[in-house]
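Accompanying notes for the structure given below.
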Amino acid sequence: WVVGEVGVRTWGGSGRGDDATRDLVGQGRELTDLLEDRKAAKAFKEAWAGLLCSDSFADRELLYDLHFYLGVAAFVSGDRDGARSAFSAAASVDPDRDFDARYPPEIEELYSEAHAGRTSPGGVRLHLQDPAGEAEKLQVDTRHFDDKKPALLAAGDHLLQYQAADGSLSALGLRVSGEGTAVALSGAAVAEAVL
């Protein structure tokens, strides 16, 4: 569970493989280049759902591409706020990635703005409460996350993936739109809070 200043998305569908998700991102990218922004948005939505129901940890490049090309699609459709949010999420996944120079300077300018805004004050600090050590492995946007240091989440969408001791993998989509704190709670932490 995650509580606090974030929106939380889950997926109850059946699992997709990484290849199917990668194909959807590629399809969305092609549709964006053809200025088919509605169809592209649908492909990206399905790709995001694929990450939320995947049975393996997300690949950094795939997650970056999903956010980046979703930003391009939003820009093409005239949604500058949506583009800024997606670019911020892409920069959070891989801050060292260079802008794809095939796209026009107007998009690069917005990407640079979002990239710079990612490190400005604000965002949400995500803390972990896992008193029983249930999380064998926990990642936010493909980076290791534990109870020693909170993760700072900039505006945009983020992927939280959790592997339990039995090897099962769960994922949550986190949407950040403001400032504050949030807490990721293990089952034991929730039980402890209730008691």
Side-chain angles (χ1 to χ4, degrees), residues 1-11 21 25 28-29 32 40-41 44-45 47-52 54 57-100 103 105-129 135 137-162 170-185:
W1 290 271
V2 176
V3 295
E5 302 299 318
V6 294
V8 179
R9 262 197 296 191
T10 59
W11 178 256
T21 303
V25 171
R29 179 182 171 183
T32 298
F44 291 132
K45 184 177 179 181
W48 184 252
L51 289 175
L52 290 178
S54 176
F57 281 99
D59 174 73
R60 180 168 291 160
E61 185 175 338
L62 176 61
L63 185 58
Y64 175 90
D65 285 351
L66 172 58
H67 289 307
F68 178 80
Y69 293 112
L70 182 58
V72 172
F75 185 90
V76 167
S77 70
D79 180 7
R80 290 181 66 85
D81 289 339
R84 186 178 288 108
S85 178
F87 288 150
S88 176
S92 293
V93 172
D94 190 352
D96 298 325
R97 180 84 68 96
D98 291 330
F99 179 79
D100 186 339
Y103 293 98
E106 297 83 13
I107 297 178
E108 183 175 11
E109 185 179 319
L110 189 61
Y111 177 85
S112 297
E113 249 178 62
H115 192 285
R118 179 190 60 80
T119 57
S120 65
V124 170
R125 290 193 178 281
L126 178 66
H127 300 267
L128 173 65
Q129 285 187 6
K137 188 175 180 185
L138 194 64
Q139 290 186 352
V140 175
D141 295 333
T142 74
R143 288 189 172 74
H144 175 74
F145 171 57
D146 60 31
D147 58 0
K148 294 173 182 52
K149 184 178 178 189
L152 181 59
L153 306 180
D157 289 314
H158 300 274
L159 179 66
L160 173 68
Q161 292 181 296
Y162 160 93
S170 301
L172 295 173
L174 305 178
R175 166 139 297 213
V176 173
S177 58
E179 298 181 20
T181 59
V183 181
L185 300 156

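This chain uses plain numbering: 1 for the first residue, then up along the sequence.
In this structure, Thr181 OG1 and Leu152 CG are separated by 12.0 Å, a value rounded to the nearest 0.5 Å. With rounding to the nearest 0.5 Å, the separation of CZ in Arg80 from CG in Leu110 is 5.0 Å. Interatomic distance, His67 NE2 to Trp48 CH2, rounded to the nearest 0.5 Å: 4.5 Å. Between the CD atom of Gln139 and the CZ atom of Phe57 there is a distance of 5.0 Å, given to the nearest 0.5 Å. Distance check: Lys45 NZ to Leu70 CG gives 12.0 Å after rounding to the nearest 0.5 Å. Summarising the geometry, atom CG belonging to Leu138 is positioned 9.5 Å from atom CD belonging to Gln161; distances are rounded to the nearest 0.5 Å.
Leu126 approaches Ala184 most closely through the heavy-atom pair CD1-N, 3.9 Å. Of all non-hydrogen atoms in Phe75 and Glu106, the two that sit nearest each other are CZ-CB, 3.8 Å. In terms of heavy atoms, Ala83 sits closest to Ala74 at N-CB, 3.5 Å. Nearest approach of Ala58 to Leu51, heavy atoms of both residues: CB-CD2, 4.1 Å. Val25 approaches Leu62 most closely through the heavy-atom pair CG2-CD1, 3.8 Å. Nearest approach of Phe44 to Gly28, heavy atoms of both residues: CZ-C, 3.4 Å.
With sequence neighbours excluded, no residue forms a side-chain contact (heavy atoms from CB on, under 4.5 Å) with Lys149. Residues meeting the side-chain hydrogen bond (donor to acceptor under 3.5 Å, both in side chains) test with Asp59, sequence neighbours left out: none. Checked against side-chain hydrogen bond (donor to acceptor under 3.5 Å, both in side chains), Arg175 has the following partners two or more places apart in sequence or in another chain: Asp157. Residues passing the side-chain hydrogen bond (donor to acceptor under 3.5 Å, both in side chains) test with Ser77, sequence neighbours excluded: none. Partners of His158 by side-chain hydrogen bond (donor to acceptor under 3.5 Å, both in side chains), not counting sequence neighbours, listed by chain and number: Asp141. Tyr69 pairs by the ring pair (Phe, Tyr, Trp, His ring centres under 6.0 Å) definition with nothing, not counting sequence neighbours.
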Check against side chain to side chain contact (heavy atoms under 4.5 Å, CB included), Leu66 and Thr21:
CA-CA 9 Å; Leu66 172 58; Thr21 303; 6.0 Å; no

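Between the side chain of Arg143 and the backbone N or O of Val93 there is at least one donor-acceptor pair closer than 3.5 Å. A distance-only check finds no donor-acceptor pair linking the side chain of Ser85 to the backbone of Asp81 [under 3.5 Å]. Formation of a donor-acceptor pair under 3.5 Å by the Ser92 side chain with backbone atoms of Ser88 is found in this model.
Separation of the Phe68 and Tyr111 ring centroids falls under the 6.0 Å cut-off.
Both cation-pi conditions hold for Arg97 and Tyr64: the charged atom is under 6.0 angstrom from the six-membered ring centre and inside a 45 degree cone around its axis.
The shortest side-chain heavy-atom distance between Leu160 and Val8 does not fall under the 4.5 Å cut-off. Ile107 places a side-chain heavy atom less than 4.5 Å from the side chain of Phe99. Contact annotation: the side chain of Val140 never approaches that of Leu174 to less than 4.5 Å [non-hydrogen atoms, C-beta and beyond]. By the 4.5 Å heavy-atom criterion applied to side chains, Thr142 and Asp94 are not counted as neighbours. Considering only heavy atoms from C-beta on, Glu113 stays 4.5 Å or farther from Phe87 through its side chain.
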